[in-house]
Structure formats: structure tokens, C-alpha cells
Amino acid sequence: MTERPVRVRIAPSPTGDPHVGTAYVALFNYVFAKSQGGTFVLRIEDTDQTRARRDSEQMIFDALHWCGLTWDEGPDVGGPFGPYRQSERTAHYREHAAILVAKGEAYPCFCTEDRLAKARAQAQAEKRAHIGYDRLCRAIEPAVAAARAATEPHTIRLKMPLTGKIIVRDQLRAKPIEIDAAEVDDQVLLKSDGFPTYHLANVVDDHLMEITHVIRAEEWITSTPKHVMLYKAFGWEEPRFYHLGLLRNSDKSKISKRKNPVSINYYRDCGYLPTALLNFLGNMGWSFGNDTEKFTLAQMIEVFTWDRSSLNGPVFDLVKLGSLNEKYIQELTPLQLADALITWRFSREQLARVAPLVQKRMKKLDDAFGKIDFVYAGDLDYKPVLAEMAVPEVAPADVAAALLAFVERFETREGFTVAMLEEESTAWLAGLGWQKKHAFMLLRLAISGRTTSPDLFPTMEVLGKEITRRRMREAARALLAPPPPAPKPPKA
RNA sequence: GGCCCCAUAGUCUAGCGGUUAGGACGUCUGCCUCUCACGCAGAAAACUCGAGUUCAAGUCUCGAUGGGGUCACCA
């Protein structure tokens with residue numbers, strides 16, 4: 001492999017909240033690039049028209065910037081290999097898909113999604129080992145296929161070899177990974193809406209953008225054979241692959257918002273310092289060496305080598321993050337602490353959102369903070385109000401389930417506003433059939449930990465989606481927790 | 001289920017053939033103290049199992065087990 005200047009990229013998909021996993025992978029890309037004097041590129045993979053969210057891209061920029069990461073090229077800063085948004089590069093993908101068809105490496109597929117779904121369901125029902133596409137359209141004569149493609153909706157699929165092995169060389173793993181080509185599907189490259197799938201867009205862009213090292217999460221490892229074959233089909237040199245261990249929930253499953261806060265915004269809103277979060281992430285699957293756990297980004301870049309990485313999927317432990325964060329807090333000067341606080345939640349703009357919540361209840365200025373202190377708290381203690389959370393004639397487990405159901409309602413909605421919350425709460429309440437006062441008291445206790453609070457939905461809006469979600473989940477958890485053991489009798 | 005990846009205390013990790021298996025978080029004890037926290041001192045706690053290679057294996061090989069990922073016109 002020829003040595004080219006190091007160029008790496010992070011390629012998040014703007015489909016929701018900025019994910020800690022994105023920050024994690026970004027960190028290692030960034031640090032590796034900088035340790036090599038290379039270039040770090042941010043590319044937005046917005047090829048899924050059904051899932052892309054408008055507000056998500058800016059949130060990714062903001063969240064990554066908050067973490068302290070910057071990119072040399074990207075949609076917002078430009079660069080010589082732009083555009084950096086895949087939705088603006090569709091001509092490249094179509095052109096390259098056409099090249100593969102012309103070379104006989106790919107073919108149009110006219111199968112309907114319906115047929116594919118049925119075939120898949122049948123394969124699953126028969127417990128067949130291989131449940132991929134049956135390659136029906138691969139047999140169509142190229143000339144016939146081309147003629148039909150002119151008028152019929154179709155996808156473009158890659159012709160995978162029918163026999164032999166595909167070798168994936170992962171730089172972090174000693175042995176090459178060998179996979180039977182027959183195991184790999186004839187992957188869709190171009191969807192019927194003309195947009196590329198991840199696989200095509202990713203390979204074309206990585207090549208065109210001269211990416212030298214692909215550093216990404218382990219969940220991609222099984223699709224790497226497809227990418228390897230794509231590089232081959234194009235006759236391109238493949239980049240070096242590095243698959244990082246996946247961040248995990250405490251039960252070891254892939255980190256997910258059902259079980260763990262995953263939005264970078266949650267960590268920001270809960271009062272973690274970006275330096276601490278980044279440092280914490282740097283200790284996941286990588287070690288500084290020398291029993292050192294606390295280090296800066298600059299220090300990490302200075303000593304960075306891949307041989308200090310481990311492949312275990314590390315559990316994302318909030319407690320450990322908290323103790324690291326504490327260390328960072330402790331070494332702030334008084335003025336730095338003040339600045340951190342202002343940035344966090346005491347800016348003029350933020351106070352202008354929070355204080356009006358209780359303005360009606362204020363006679364003097366000093367009435368404010370006792371009433372809104374819960375806004376500034378992280379996790380609340382629900383033990384003292386557990387009894388208040390009870391809903392008459394409803395089992396605690398069902399109360400908890402209702403809380404989680406409320407979370408699910410706003411989970412899929414874009415934005416987090418009073419109007420949306422009112423709408424969803426009405427539907428939620430209708431489904432429950434509880435008295436309104438009981439349902440709303442439950443929400444109130446979950447978000448504020450008290451029976452009196454400012455108006456519910458404006459408060460939630462101010463708290464934000466991340467904190468609201470977290471508190472509702474924690475409240476649900478408190479409801480489900482077994483009652484505490486009886487206090488020890490006093491010593492005689 | 002097929003395929004793939006991974007395997008040191010509850011958690012994050014060090015170890016790269018010979019160590020009393022090290023550090024950190026958490027837990028527990030004590031000390032300090034006007035409360036709490038901090039701080040300090042100490043303790044409990046790990047090489048998944050089985051073969052093989054070797055004088056010697058947490059470290060190398062194979063297998064089993066366990067965990068995870070992935071099997072979309074999502075990324």
C-alpha cells in the first residue's frame with residue numbers, strides 16, 4: 001500500500017440526537033489524524049430520505065464542537081473535496097453505479113420490496129442459514145435489463161462472487177478476517193429513489209475524498225466485505241480499516257437510549273465538562289499507559305498509538321465518568337468555575353428561559369431559586385415522593401409503564417416544544433383513562449421531584465428532551481425498585 | 001439460527017512466557033472534622049473452562065463456554 005497523507009473522516013447520519021458513539025469514534029479519528037499530521041473530515045451521511053431530520057445536522061456540529069473537536073473539512077467549513085453532504089453528491093453515486101453496471105459488476109434489480117419481504121420471511125420461517133436476496137434479477141440479460149431499467153423502477157445491486165473467500169484486513173486484529181463470499185448478499189447500491197445506500201456512498205466518497213484510514217465502530221465489521229468487494233469492482237485501492245469496540249450499556253448490549261443516556265446533549269445539560277467527557281471516552285478501549293487516566297486531548301495526541309487500544313466493548317459507566325468529571329471541576333479556578341456555570345445554565349439567555357417559569361410566584365427576587373432548583377439538579381431522588389406518585393387502583397408497574405409510554409411518545413417527534421408535549425400528553429392521557437390530575441401529578445413528580453412546580457410543559461421544554469427523558473426513566477425505575485430493607489435496629 | 005468479533009475484580013484498564021497479577025472508579029473499615037463532602041490510611045475483590053506447546057502460560061495454539069455484533073431499497 002502506498003503511503004499517502006493521512007485523511008480520516010467521521011460520517012454521522014443526521015437522524016436524531018448527536019450520539020456519544022459519534023463523539024467516541026470522532027475522538028479516535030481526530031486524535032489519530034492529529035498524531036499523524038493528517039486531516040480530519042466531517043461528512044454528513046443524509047442519504048436516507050425517510051429518516052433524515054432537518055435539525056439534526058446542526059446539533060451534530062454543535063455537540064462535537066462542544067466536546068472540543070474540530071474538523072478540517074466539512075459541510076460548514078468547506079474544503080477541496082466538497083460537497084460534504086451526501087445528499088448533494090447524488091450525481092457521483094449514480095455515475096459510479098452506472099460504471100459498475102457497464103463493467104458487469106452490478107445489475108438492475110426490479111424486485112419489489114413486497115417480494116423481498118416475503119422471500120425473507122419465508123427463508124426465516126424455513127430457518128434457512130442464508131436469508132439474503134435470492135439473486136433473481138441477476139439472471140436477466142444485460143440488454144433486457146437495461147431496456148427495462150429505462151422505464152421500470154429498480155435498484156442497482158452489486159454482483160458478489162458466488163464462491164471463494166473475501167479477506168478483510170483490520171489493523172486492530174492480528175488475523176485477517178475471512179468470509180465466504182457466498183455468505184454476502186448482492187447488496188443494493190442505489191435505491192429506487194435514486195439515492196445511494198450507505199455502502200455505495202461510503203466507498204465512493206471515501207475514495208473521492210482520498211480517505212486513507214477508515215476508523216469506525218465494530219458494528220460495521222460484517223459489512224466490510226461488501227466494501228472490500230466494491231473497492232475491487234471499481235479497481236480502487238482500499239483504505240485501512242480499524243473497527244473500534246462498541247460502547248455498551250451496563251448489561252453489555254450495544255449502548256442505547258432505552259438503557260442509557262446517549263445524547264451528547266444530555267451530558268452537556270447534566271453538567272459534565274466537555275474535557276472530562278472526552279477524557280472519559282479516551283479511556284474506553286484505549287489506555288494512555290503508565291497508569292495514567294487523566295489526560296488532555298493534546299496529551300492523547302502526543303502519545304497516541306493503536307497498540308494501546310483494546311477490543312472489549314467497554315461499558316459506559318456514568319459513575320466513573322462522574323468521578324473523572326469531579327476531578328476536572330476541582331481544579332477549576334474560581335473564575336473558571338463561574339464561567340463554566342454561566343456557560344452551562346446561568347447565561348442571560350438561559351436564565352431568561354428558566355426564571356419566567358416561576359415569575360408569577362415571585363414576590364421578591366429571592367423567591368426564585370427555591371422554586372426552580374430542580375432545574376439545576378441532575379438526577380432527582382424519588383424515594384421521598386414515591387407515595388405521591390401512586391395512582392389510585394393502578395399497580396406501580398403500570399404507573400412506571402405509563403411514564404415510559406410518555407417517553408416513547410416524544411421520542412420520535414422532531415423538536416421538543418410545549419405544543420408538541422400538549423398534543424402528545426392528550427393522546428397519552430386518553431389511552432390511559434386515568435384522572436387528569438393523577439396523570440399530570442405523576443409527570444410533575446417525575447420531572448421536578450416535587451408536588452408543586454411551575455407549569456408542566458413549559459418546564460419540560462426548558463429542561464429539554466434529554467433531561468426529561470432521563471428523569472422519567474429514573475422515576476419509572478424508582479417505582480419498580482423493591483422497597484428498601486427495614487432500617488437496622490439501633491445498637492444496644 | 002448462519003456468519004463475524006471479543007474474553008484480567010461489579011466497571012474501565014495495565015500486563016506483551018518467569019510479577020506477592022499493577023492502577024482507577026465503585027464497595028467496605030478506620031482517621032480527620034462544627035454537618036456533609038473532600039482528604040488520608042487500610043481492606044475485600046479478577047486472569048471463563050479444557051486440552052496442547054514450553055523447564056515455565058493471564059500472556060502462544062486449538063476447542064468449548066459466555067458475551068456482543070450483524071444478517072434492510074437504515075446508517
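Protein chains get the first letters and strands the later ones, always in sequence-line order, with residue 1 at the start of each.
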Trainee: Taking only the side-chain nitrogens and oxygens of A/Lys254, find out if one of them lies under 4.0 Å from OP1 or OP2 of B/U70.
Mentor: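 It does, given that an N or O in the side chain of A/Lys254 lies less than 4.0 Å from OP1 or OP2 of B/U70.
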Trainee: Would you say B/C73 has OP1 or OP2 under 4.0 Å from some side-chain N or O of A/Arg157?
Mentor: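 So the side chain of A/Arg157 is within the cut-off, an N or O lying under 4.0 Å from OP1 or OP2 of B/C73.
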Trainee: Among residues at least two apart in sequence or on other chains, which ones pass salt bridge (Lys or Arg N to Asp or Glu O under 4.0 Å) with A/Lys159?
Mentor: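 Testing A/Lys159 for salt bridge (Lys or Arg N to Asp or Glu O under 4.0 Å), a comparison that skips the adjacent residues, returns none.
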Trainee: Tabulated below should be each protein N or O lying under 3.5 Å from an N or O of nucleotides 9-15 of chain B; please produce it.
Mentor:
residue: B/C12; atom: OP1; partner: A/Val315; partner atom: N; Å: 3.0
residue: B/C12; atom: O2'; partner: A/Asn283; partner atom: O; Å: 2.9
residue: B/C12; atom: O2; partner: A/Lys320; partner atom: NZ; Å: 3.3
residue: B/U13; atom: OP1; partner: A/Gly285; partner atom: N; Å: 2.3
residue: B/A14; atom: OP1; partner: A/Ser287; partner atom: OG; Å: 3.4
residue: B/A14; atom: O3'; partner: A/Arg308; partner atom: NH2; Å: 3.4

Trainee: Say we look at B/C38 and B/U33: how far apart would their C1' atoms be, to the nearest angstrom?
Mentor: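 My reading of the C1' atoms in B/C38 and B/U33 gives 11 Å.
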Trainee: Which residues satisfy the side chain to side chain contact (heavy atoms under 4.5 Å, CB included) test with A/Arg345, sequence neighbours excluded?
Mentor: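 Only A/Asp269, A/Val375, A/Tyr376, A/Ile467 meet the side chain to side chain contact (heavy atoms under 4.5 Å, CB included) criterion with A/Arg345.
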Trainee: Going by the rule side chain to side chain contact (heavy atoms under 4.5 Å, CB included), which residues pair with A/Asn312 if we only count those two or more places apart in sequence or in a different chain?
Mentor: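 A/Asn312: no side chain to side chain contact (heavy atoms under 4.5 Å, CB included) contacts found.
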Trainee: Say we look at B/U13 and B/C6: how far apart would their P atoms be, to the nearest angstrom?
Mentor: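 The same atom, P, in both gives a distance of 15 Å.
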Trainee: Counting distance alone, no hydrogens or angles: does the base of B/C73 have a donor or acceptor under 3.5 Å from a partner atom on the side chain of A/Thr197?
Mentor: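 Flag unset: no donor-acceptor pair detected.
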Trainee: Using a cut-off of less than 4.0 Å, is there contact between a side-chain N or O of A/Arg120 and OP1 or OP2 of B/A72?
Mentor: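 Yes, A/Arg120 has a side-chain N/O under 4.0 Å of OP1/OP2 on B/A72.
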Trainee: Could you pull out all residues at least two apart from A/Ala476 that satisfy side chain to side chain contact (heavy atoms under 4.5 Å, CB included)?
Mentor: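 Testing A/Ala476 for side chain to side chain contact (heavy atoms under 4.5 Å, CB included), a comparison that skips the adjacent residues, returns A/Ala400, A/Leu403, A/Leu404.
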Trainee: Per the side chain to side chain donor-acceptor pair (under 3.5 Å) rule, what does the pair list look like for residues 321-330 of chain A, sequence neighbours excluded?
Mentor: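 Residue pairs with at least one partner in residues 321-330 of chain A: A/Asn279-A/Tyr328.
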Trainee: To the nearest angstrom, how far is A/Ile255 atom CD1 from B/G67 atom C1'?
Mentor: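 Rounded to whole Å, this separation is 17 Å.
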Trainee: Write down the distance between CD1 (A/Ile179) and P (B/G2), rounded to a whole number of angstrom.
Mentor: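 Atom CD1 in A/Ile179 sits about 16 Å away from atom P in B/G2.
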